[in-house]
Structure formats: structure tokens, C-alpha cells
Amino acid sequence: MSHFLKDKTAIAGIGLTEFSKKSGVSELSLAAQATLAACEDAGLSPSEIDGFVSYTLDSTDEIELARTVGANDLKLFTKVNYGGGAAVGTILHAVMAVATGVADNVICYRAMNGRSGQRMGQGISGQIVSSDLIHWSWYMPYGMLTPGSWIAMIANKYMHHYGVTSEDLGRVAISQRNYAQNNPRAFGYGKPLTMEEYMASKMVAEPLRLYDFCQETDGGCAILITSAERARDLKQKPAVIRGVVQASTQGQEQMTSFYREELDSLPEMEMAARLVYEQSGLGPDDINAACLYDAFTSEIIMQLESFGFCGRGEGKDMVREGALDIDGRLPNNTHGGLLSEAYIHGMNNIAEGARLVRGSSTNQPKNVEHVLVSSGVGVPTGALILGQD
Amino acid sequence: MAKSFRMKPPMGEDNGWWWQEAAEGRLAIQRCTQCQTLRHPPRPACGKCHSLEWDHLSASGRGTLCSFTIMHHPQFPGFDYPLIIILVDLEEGTRFTSQLINCAPEDVEFGMAVEMVMHEDPDGFRLPMFQPATGAAS
């Protein structure tokens with residue numbers, strides 16, 4: 001029997017603001033611009049939107065955005081926790097609402113002045129003694145305050161265990177930078193990257209160099225979810241949602257899952273893979289392209305293994321074979337990703353997933369039937385499979 | 001009292017006791033009194049047997065280096081860079097996140113034997129750090 005959520009809903013619209021290092025406008029304005037653009041893209045009036053889903057880290061509340069864009073009365077408003085781990089989680093919440101008839105047209109959004117405003121990696125602090133603050137306090141006093149340092153701890157162990165080299169990380173960075181050369185929205189547009197430049201870039205948190213890190217971006221992105229039936233009557237070719245899941249495993253911490261016995265895999269991503277393949281009735285062989293979450297290059301190599309595109313320790317071999325490139329086994333982040341397009345916390349990777357299904361990517365691979373998109377790495381996460389109608 | 005740069009942990013019911021142990025020179029490990037399972041970081045219940053009862057033991061301070069990162073940027077005031085942050089597998093069986101001192105960045109190795117040194121800031125705040133094993137830890 002087919003899963004209840006499978007093929008019931010679709011991405012009908014995607015909306016993006018300009019990406020920059022200084023937007024000069026509020027995050028609410030970015031959220032509104034992205035939402036209006038998504039409605040325009042779909043050919044659906046904002047007055048038909050009756051649900052909003054975002055990230056707990058997003059400063060724009062659902063009702064502020066609703067009033068700003070002239071949305072309908074709201075039947076769904078919620079935010080998903082855990083940073084970039086929320087990305088496809090927002091889609092799951094929208095899909096559950098639409099598939100069950102709770103809401104009809106839901107906007108998932110993320111808007112941030114991620115460079116000119118509150119930047120990531122500035123350290124964490126707080127006054128209220130919450131379980132989350134106590135969690136961070138095992139790292140804060142030691143000066144371990146940044147996402148790069150938390151990811152580096154896992155990446156170093158993984159690379160040591162499987163013989164992954166700096167050049168392998170560089171190959172990921174360069175592959176995505178190459179894609180950005182065809183994407184005028186991308187920060188990396190017109191700024192190609194060579195292996196020499198990669199290797200010469202400054203070490204930030206060993207083994208991660210500058211180019212292993214994603215961008216910091218001002219921008220917004222909105223994704224419009226509606227029923228597959230309704231989507232067929234709208235302007236764009238629907239990107240049908242075959243499967244969408246959230247996943248958090250035993251021993252999970254936010255960014256610092258250091259206490260599991262093995263540190264050289266991503267258990268939460270393996271769980272997301274298992275669930276999303278089960279829900280969609282698909283497997284790795286059915287996936288033609290991907291937008292794997294890429295706050296850091298090492299995460300791409302590890303996820304190739306999590307999602308079963310190769311065996312444990314073989315991610316580096318796929319990368320060396322050029323699997324991530326346009327004519328490779330799994331063209332990945334064809335817009336440039338968080339590394340080279342923009343860091344809109346994974347929401348822009350979902351937008352590219354929809355474009356790949358529509359056939360409208362600026363780097364469109366041949367014969368894309370199914371696209372895999374993942375949420376943040378090292379946090380409670382999720383996975384999404386989009387397909388042709 | 002000298003002003004410290006170091007971000008102090010919040011002292012809640014679930015973790016304050018641990019820092020009090022550190023202030024008295026000990027690296028504590030929480031232990032379920034029902035099933036004896038050790039756990040770190042501390043939590044108010046045992047994930048194995050669900051007991052709310054616990055006590056703690058003091059670690060020997062001996063362990064091996066499980067993983068590490070050497071931080072260069074960004075540089076927060078007061079810390080010495082390159083800053084070596086490590087995961088230590090304590091000989092009691094739990095894992096602990098700490099800083100490696102008295103070791104050059106190029107000498108850090110996976111699996112190296114390390115031992116605890118209780119570091120004290122000028123303002124008197126104490127936290128466990130580690131150094132390459134000398135065999136002196138008890």
C-alpha cells in the first residue's frame with residue numbers, strides 16, 4: 001500500500017529575493033518579497049495562502065508575514081527547530097497539513113540578513129537556564145563556539161578513518177563553484193575556484209579551510225506547497241512530493257553528537273534516507289540529481305554514504321570520479337548550493353530541487369525524474385524527494 | 001579578582017553539581033544508581049533504565065584522544081590560538097570534550113594518551129583540560 005503522503009502534494013511556486021551581503025531591508029521585507037515571488041511564480045494570489053511554516057531561528061513571525069502580504073485567515077502556523085535541520089522539515093509540516101485538508105496553500109519561508117545582521121558563528125550566550133543552553137555550555141567555556149568547530153570534530157575523525165584528503169573536500173567546493181558560473185544569483189558567479197586557490201585558503205578549524213564553509217547571505221526564499229491536484233492547474237510544472245521526512249536519532253545533540261560510539265557516519269541522515277525511501281517507494285538508483293545540505297564540504301561526502309549512493313568510506317571515491325558534476329552519477333547542488341550560491345539555511349536548495357524537476361535549472365542535467373534534497377547535517381534533520389508529475 | 005574572558009556555564013539543577021566538582025578539582029562522571037550506567041553530559045534520568053536516581057564518581061583523568069580540531073578563526077578574546085579542542089575517551093568509558101594544552105599542534109595524534117590537568121583562570125574558575133600523558137595522573 002502506498003504511503004498516505006506520497007504524491008498528494010507538490011511544490012507549486014518558488015520565490016527568491018536578491019542574494020547579497022547587505023540587503024538594506026528588514027528580514028520581514030525579505031520574507032514578504034520571497035512570499036510574493038512564490039505566489040507570482042505559481043500564479044496564485046497571496047490572499048489564498050492559509051498557512052505559514054518557518055524556522056525557529058527565523059525572526060519573522062507567521063502573522064507578521066501574513067498581514068504584510070495580505071494572506072488569508074491562517075489555519076496553520078508553526079516553526080521548526082534546529083537551525084538548518086529545519087529546512088525540509090518545514091515542507092513536511094506543510095505537506096501534512098495540505099494532505100489532511102487542514103490547510104490548502106502553505107508558504108514555507110526563511111529570510112535572513114545573515115551577513116549584515118545576526119551572523120552565524122559569533123558565539124552563543126544566554127541568560128535563561130534551558131536544557132539547550134546547558135547543552136551548549138559543555139563547549140562554550142572551552143571556546144568551541146562556532147558551527148565550523150563542531151563540524152570539524154566529526155569531519156576530522158571521518159577523514160582520518162577513511163583516508164579522505166583535503167583535495168577531496170576541495171573537489172566538492174570546486175564542483176559547486178563551477179555550477180555557480182552559470183547562475184547569476186550566486187555569490188560565486190564570476191569567481192571560479194582552482195585547487196591551488198582552495199589549498200592556499202586559510203585554515204579555519206582543521207581540517208576545514210575557508211572554502212569548505214558556506215556563504216553568509218542576506219536573502220529570503222519561499223516555497224509554496226499545495227495539493228498535487230491544485231498544482232496541475234497553476235502556472236508551473238508541479239514538483240510532486242514523493243516523500244518527505246524528519247529524522248533525529250538516539251544520542252542526537254544539536255551539532256555536537258560527539259558521544260556516540262562511532263563518529264564516522266551520520267546516523268540521523270541514514271535514518272532520513274531509510275524513511276524517505278520507504279515513503280516514496282524509491283531507492284538511491286531512482287535518484288538522478290540531488291541538493292544535499294552543504295554548510296560544509298565534508299557533509300556532502302558523508303551524505304553520499306548516508307543515502308546509499310555508495311558504501312561506507314566510498315564517498316571520496318565518488319567525488320574523485322566526478323559524480324557530483326553535471327555529467328556525473330549524481331549532479332549535486334547545480335545552483336552552487338550553500339557553498340557557492342547563498343546560505344538561506346537550505347531553503348534555496350529546496351528551490352533548486354523544484355527547478356531540477358521543472359527542467360529549469362541554469363545547469364540542467366539530462367533526464368531528471370527524481371531529486372533528493374536534505375536538511376542540515378549534524379542536527380535533527382530530514383529528507384525530501386521531488387518527482388515529475 | 002581578575003576579570004575573566006571565559007563564558008561561564010549557566011548553573012542549573014542538571015549541571016551545576018558537575019561544575020562544583022570541577023571547582024574542587026575533580027572530573028566527575030554521572031552514574032545511574034539503579035543500573036550503574038555512566039553518562040556524560042549529565043542528564044536528570046537514565047536513558048537505559050529510566051531511573052531518576054544517580055550519583056557520580058571521579059574520573060582517573062586518564063584517557064585517549066578520540067578526535068580533535070585545531071581552531072584558527074574566528075579568534076575570541078582571551079583564548080590562545082591555534083586552539084586545540086579534543087574529544088577524550090576516558091578510561092571509565094564516557095567521552096568528554098575539552099582542550100589540549102602543553103602540546104604543539106603538529107604533535108596532536110588520534111589515539112594519543114592524555115591526562116587531565118585542572119586549569120584555573122585568574123578569577124578562580126576551574127575547568128578540566130588535558131595534556132599528553134606523563135604517567136603522573138592518579
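Just so we're on the same page: letters track the sequence lines, and every chain starts at 1. The model shown is predicted, which means the values in this text are computed figures rather than measured ones.
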Inset, instruction - Look only at the side chain of T381(A) and the backbone of G376(A), and say whether a donor-acceptor pair between them is shorter than 3.5 Å. - result: yes
Legend entry - Which atoms of Q250(A) approach chain B - backbone, side chain, both or neither, heavy atom under 4.5 Å: neither
Inset, instruction - Using a cut-off of under 4.5 Å on heavy-atom pairs, state which of P9(B), P82(B), G12(B) scores highest against chain A. - result: P9(B)
Legend entry - Pair T69(B), N156(A): side-chain N/O donor-acceptor within cut-off below 3.5 Å: no
Legend entry - Part of P128(B) lying under 4.5 Å from any heavy atom of chain A: both
Legend entry - Presence of salt bridge, R6(B) and D121(B), under 4.0 angstrom: yes
Legend entry - Contact origin within R260(A) toward chain B - heavy atom pairs under 4.5 Å: backbone
Inset, instruction - Give me the ring orientation class for W17(B) and W54(B): parallel if the planes are under 30° apart, tilted from 30 to 60°, perpendicular past 60°. - result: tilted
Inset, instruction - Side chain from CB out, backbone as N, CA, C, O: work out which of these in Y259(A) comes under 4.5 Å of a heavy atom of chain B, or both, or neither. - result: both
Inset, instruction - Quick one: which of F96(B), F125(B), W19(B) has the most heavy-atom pairs under 4.5 Å with chain A, could you say? - result: W19(B)
Inset, instruction - Ignoring hydrogens and angles, tell me if any N or O in the side chain of D218(A) forms a donor-acceptor pair with the backbone of R115(A) under 3.5 Å. - result: yes
Inset, instruction - Heavy atoms only, distances under 4.5 angstrom: which of T256(A), I154(A), I134(A), L263(A) has the most pairs with chain B? Name it, please. - result: I134(A)
Legend entry - Residue I85(B) versus chain A: region with a heavy atom under 4.5 Å: both
Inset, instruction - Take E305(A) and R312(A) through the salt bridge (charged side-chain N to carboxylate O under 4.0 Å, His left out) test and state the conclusion after the steps. - result: CA-CA 6 Å; E305(A) 299 168 19; R312(A) 286 268 179 93; 5.2 Å; no
Legend entry - Proximity breakdown for H40(B) and chain A, heavy-atom pairs closer than 4.5 Å: both
Legend entry - Aromatic ring pairing H345(A)/Y343(A), orientation class (parallel under 30°, perpendicular over 60°, tilted between): tilted
Inset, instruction - Any chance you could measure I300(A), atom CD1, to Q176(A), atom CD, to the nearest 0.5 Å? - result: 5.0 Å
Legend entry - Proximity breakdown for F68(B) and chain A, heavy-atom pairs closer than 4.5 Å: both
Inset, instruction - Under 4.5 Å heavy-atom distance to chain A, tell me which part of S98(B) shows up: side chain, backbone, both or neither. - result: both
